[in-house]
Engineer: 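This is the structure, below, for whatever I ask next.
Just so it is clear: chains get the letters A, B, ... in the order the sequence lines come, proteins before strands, and each one is counted from 1.
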Protein chains: 2
Amino acid sequence: MQLVKIYECLCDLTRLRLLNVLAQGPLCVCHFQEILRAPQVKISKHLAYLRARGLVVYERSGNWMVYDLPPKPTRDLRANLACLQDCARENPVFQRDLARLIKLAPKFADSSPCGCHSAGVAHSK
Amino acid sequence: MQLVKIYECLCDLTRLRLLNVLAQGPLCVCHFQEILRAPQVKISKHLAYLRARGLVVYERSGNWMVYDLPPKPTRDLRANLACLQDCARENPVFQRDLARLIKLAPKFADSSPCGCHSAGVAHSK
DNA sequence: TGACCATATTCCTGCTTAGGCATACAGGTA
DNA sequence: TACCTGTATGCCTAAGCAGGAATATGGTCA
């Protein structure tokens, strides 16, 4: 059942943080590293996990892999991502990630050939 | 983090079904067995799992253990249970469980000293 | 008291996972 | 071509979990 797959993705804190940050717009692996302050392997593996279950999509841009939420999520996924964001709003861990994203956004914008967030942050979906 | 614990509970189909049925009102183990058509050990273990993480509460009534959703759920739990019900509404597995619950309700009502559902089904929370 | 009932727990096995380290790969650049 | 950089993958270990079989527990009833 697809719903169970979604919850399997959501039952790890790192993945929750990835998804929460992604809700603000596409991002590449090295930026995730800075925002979550987590090693590359960890980020990359969790993204692979999410990818395999259809919770994220990605696109190569030179050396960079730019990840994003799926353009046409299922009803269940949409509902659960909305619920996650709702819960995350009150939670210090997620707040801190978003704060870092905002602080780093300008830096990302001009240092990143990958183009993620080059148009500025917070184009909420 | 409490949110992760919630998702850990939700990433198993049996537990999702238990919670979905529970949303209709308290129920004892043997009734879960009939509705889910699953062996006693399985039901009992998953209820223990949910209990340990605060997703359900229970009360002894003679030989029967009557389980229910917590009377004062956290914001996160409330949000996620609502989301689950929303997703479940469209899903045949959950629909079937609820159909069985409704069909069995009268039987439960008079054959159950445990009193669960003796006042009729569907007192939605 | 002893038998019985509903439920919980223990022990086992197989499977999945997180995390880290080392390494592989793919694209860009010189 | 060779090298650099960003990212992915393979291997390993420790931990957690689902499921089933057998057994234990605690309440009830005669």
Engineer: Counting just side-chain N and O atoms, does A/His46 come under 4.0 Å of either OP1 or OP2 of C/dG19?
Structural biologist: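 It does, given that an N or O in the side chain of A/His46 lies less than 4.0 Å from OP1 or OP2 of C/dG19.
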
Engineer: Would you mind reading off the distance between B/Leu13 atom CG and D/dC17 atom P, rounded to a whole angstrom?
Structural biologist: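 From B/Leu13 CG to D/dC17 P: 17 Å.
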
Engineer: Over how many whole Å does the gap from A/Leu18 atom CG to C/dA18 atom P extend?
Structural biologist: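 Result: 12 Å.
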
Engineer: To the nearest Å, give me how far apart CZ (B/Arg15) and C1' (D/dG19) are.
Structural biologist: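 Atom-to-atom, B/Arg15 to D/dG19, this comes out as 12 Å.
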
Engineer: In B/S/- notation, 5' to 3', how is nucleotides 7-13 of chain D contacted by protein heavy atoms closer than 4.0 Å?
Structural biologist: BBBBB--

Engineer: In sequence, state the C-alpha distance, the side-chain angles, and the governing distance for B/Tyr67 and B/Met65, and then conclude on side-chain contact (heavy atoms from CB on, under 4.5 Å).
Structural biologist: CA-CA 6 Å; B/Tyr67 282 83; B/Met65 302 293 266; 3.9 Å; yes

Engineer: What side-chain donor-acceptor pairs closer than 3.5 Å can you find for residues 33-49 of chain B, not counting sequence neighbours?
Structural biologist:
unit_1	atom_1	unit_2	atom_2	d
B/Glu34	OE1	B/Lys107	NZ	2.8
B/Glu34	OE2	B/Lys107	NZ	3.4
B/His46	ND1	B/Arg15	NH1	3.1

Engineer: Output the rounded distance in Å from CD (A/Glu8) to P (C/dC15).
Structural biologist: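 Atom-to-atom, A/Glu8 to C/dC15, this comes out as 16 Å.
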
Engineer: Rounded to the Å, how far apart are B/Glu59 CD and D/dG26 P?
Structural biologist: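 Roughly 18 Å, once rounded to whole Å.
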
Engineer: Taking CZ from B/Arg17 and C1' from D/dA18, how many angstroms apart are they, rounded to a whole number?
Structural biologist: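 It works out to 15 Å between those atoms.
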
Engineer: Around B/Glu59, counting heavy atoms of other residues, nucleotides and ligands shown, do more than 12 lie under 6.0 Å from its CD?
Structural biologist: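 It does not: B/Glu59 CD has 12 such atoms or fewer within range.
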
Engineer: In this structure, how many angstroms lie between the P atom of C/dT17 and the CG atom of A/Leu50, rounded?
Structural biologist: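 Rounding to the nearest Å, CG of A/Leu50 and P of C/dT17 are 12 Å apart.
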
Engineer: State, with a plain yes or no, whether a side-chain heavy atom of B/Val93 is found less than 4.5 Å away from one of B/Asn20.
Structural biologist: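 A side-chain contact is absent here, since even the closest heavy-atom pair is not under 4.5 Å.
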
Engineer: Once you round it to whole Å, what is the distance between C1' of D/dA21 and NZ of B/Lys42?
Structural biologist: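 Interatomic distance, NZ of B/Lys42 to C1' of D/dA21: 15 Å.
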
Engineer: Would A/Val57 and A/Leu84 show up in the same hydrophobic cluster when neighbours are defined by side-chain heavy atoms closer than 4.5 Å?
Structural biologist: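 Unlinked, A/Val57 and A/Leu84 end up in two clusters.
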
Engineer: Does any non-hydrogen side-chain atom of A/Arg100 lie less than 4.5 Å from one of A/Val21?
Structural biologist: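 Contact flag for A/Val21/A/Arg100 side chains = no.
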
